[in-house]
Chemist: 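Next up is a structure, given as structure tokens.
Quick note: numbers below take in every heavy atom, side chains included, and nothing from hydrogens, waters or symmetry partners. So that the names make sense, note that chain A is the first sequence line, chain B the second, and so on, each numbered from 1. No experiment lies behind these values; they were computed from the predicted model shown.
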2 protein chains.
Amino acid sequence: MAERAPRTPAHPRPVVSLAEVEAGSPAQRDRRRRILEATLALATKGGFDAVQMRAVAERAGVALGTLYRYFPSKVHLLVAGLALELGRVLERIERAPVAGDTAADRVLLVLHRNTVALQRDPHLTEAMTRAFMFADTSVAEEVRQVSRLTERMLTHAMGVEEASEEDKDIARVIGDVWLSNLVAWVTHRASAEDVENRLALTVRLLLSARDR
Amino acid sequence: MAERAPRTPAHPRPVVSLAEVEAGSPAQRDRRRRILEATLALATKGGFDAVQMRAVAERAGVALGTLYRYFPSKVHLLVAGLALELGRVLERIERAPVAGDTAADRVLLVLHRNTVALQRDPHLTEAMTRAFMFADTSVAEEVRQVSRLTERMLTHAMGVEEASEEDKDIARVIGDVWLSNLVAWVTHRASAEDVENRLALTVRLLLSARDR
DNA sequence: CCCAATACTAGAACAGGTTGCAATTCTCGT
DNA sequence: ACGAGAATTGCAACCTGTTCTAGTATTGGG
């Protein structure tokens, strides 16, 4: 990719800050929705490379400059898409307790379901994981949000009422391993089975103590 | 308690295959060396963005087309640089047993030393970790080499004579967590202290069982 | 030593992310 | 309803990774 040397920020701050997705006029919310929709559609069809800024803008029916006003870079755009999707998933998961007798079982169940879902849309998964991993400091806030969502998903699966610091740490470690394995799967360095096995091992080692 | 001391192999294997180092005429080997040298110098000075293909070519004294003949993309180039550096580190580490009474102690020591070294060259670290994470399937072979080097480094630190599959799995999990935390540090989402703490937790949870 | 194959060079050209800008359209407070 | 300021548009331009070409230098097998 051709990333230009950093200079003075070109466009004013994005209209919609991460904290208040609901902000802006209805027209603006709709533009934002169309942009993310276009992004996810293109990513699903052809992965990271297919998410071309001109193509996203055209498909969303906005000018290129407007796209950049809403999302200051391609990586911001994709990570925002990831956060959106992850938020939907989390909402569904938190609606009910996870089945399973032990924390390890429940975490593995949640990981398994998500992994299977991600593997069903390999291009989308590739686009989002690569953007997430490539994100630099300017995307830190969005990346942090994704991390928080993942952490919540895993602590919820662990089934702790109020997550202690150590609970959160363990969730983070599991999340790190999950992500690394997704990357390995996306780049064909690990099979779906490898991913499941490694997650199972990690969870067993990290969580088995709490169930006895 | 204190388990068997880790042992240095009598004749350490070279970290890169001879075929690779030995390939080509002396002039070609020298060009390759100059290219990687230029890459690391630019990365050290300005990170991922400063490693510009035209700049690397000029600094190495080769034409742009030649640079692409040696390394088919910027990511290949940087990951090759990473493998080179990691190979040097591994060579030094494997020369002697690692100090420490338990596998956990030794692994933490090795991780600590490397983490400190990486944090001394933040731009270089940023360039290499981002390239590594952004690598797509065409770089799989180089990425795999880096993974193997990391795995060897960690199993060596664990001090096992002959790494079992589970040993390797554990090493891989630790490597994954290490990498994730480096990325988090590079992007200012985690402090140096955070990284050390999380690695300590991970190693404790994954390795404490083997030391009792 | 000679020649064909291969490698190298300089530079143009192309692709896609990002920025700049002038003109137009919206929005909103009064 | 009105006018100022903000948002949007349509394009052109710019930057850097990557590819291509035509010409020149090296090299290795005979």
Chemist: Centre of A:F48's six-membered ring, under 6.0 Å away, within 45 degrees of the axis: is that where NZ or CZ of A:K74 sits?
Modeler: yes
Chemist: Using a strict threshold of under 4.0 Å (side-chain N to carboxylate O), is an ion pair present between A:E151 and A:R148?
Modeler: no
Chemist: List the steps and the verdict of side-chain contact (heavy atoms from CB on, under 4.5 Å) for A:R54 and A:L64.
Modeler: CA-CA 6 Å; A:R54 290 169 178 89; A:L64 190 56; 4.2 Å; yes
Chemist: Rounded to the nearest angstrom, tell me the gap between atom CG in A:L42 and atom P in C:dG17.
Modeler: 11 Å
Chemist: Measure the distance from CE on B:M53 to P on D:dT16 and round it to the nearest whole Å.
Modeler: 14 Å
Chemist: Could you run down the sub-3.5 Å N/O contacts of the protein with nucleotides 1-3 of chain C?
Modeler:
none

Chemist: How long is the line joining CZ of A:R29 and P of D:dT8, in whole Å?
Modeler: 13 Å
Chemist: Mind calculating the distance between CG (B:D49) and C1' (C:dG17) to the nearest angstrom?
Modeler: 12 Å
Chemist: What's the CZ-P distance between A:F71 and C:dT19, to the nearest Å?
Modeler: 16 Å
Chemist: Using a heavy-atom cut-off of 4.0 Å across all strands, would you classify A:V51 as base, sugar-phosphate, or nothing?
Modeler: sugar-phosphate
Chemist: May I ask you to say what A:V56 touches in the nucleic acid, namely base, sugar-phosphate or nothing, with a heavy-atom cut-off under 4.0 Å?
Modeler: nothing
Chemist: For the residue pair A:F132 and B:M133, establish whether any side-chain heavy-atom pair is separated by less than 4.5 Å.
Modeler: no
Chemist: Do the charged groups of A:R88 and A:E91 touch, with an N to O distance under 4.0 Å?
Modeler: no
Chemist: Roughly, in whole Å, what's the span from CZ in B:R130 to P in D:dG17?
Modeler: 12 Å
Chemist: How about A:E58: does its CD atom have over 12 heavy atoms from other parts shown lying under 6.0 Å from it?
Modeler: no
Chemist: Any side-chain donor paired with an acceptor under 3.5 Å for A:H76 and A:S73?
Modeler: yes
Chemist: Separation of A:E58 atom CD from C:dG16 atom P, in whole Å?
Modeler: 13 Å
Chemist: Nearest whole angstrom, please: distance from the P of D:dT19 to the OH of B:Y68.
Modeler: 7 Å
Chemist: Would you call A:R172 and A:D176 a salt bridge, taking side-chain N to carboxylate O under 4.0 Å as the test?
Modeler: no
Chemist: Just by distance, with hydrogens left out, do B:T115 and B:W178 show a side-chain donor and acceptor under 3.5 Å apart?
Modeler: yes
Chemist: Each nucleotide in nucleotides 5-14 of chain C should get exactly one letter: B, S or -. Can you fill that in based on protein heavy atoms under 4.0 Å?
Modeler: --SSBB--B-
Chemist: Taking the side chain of B:S73 as its heavy atoms from C-beta onward, which of D:dT16, D:dT18, C:dG17 lies nearest to it?
Modeler: D:dT18
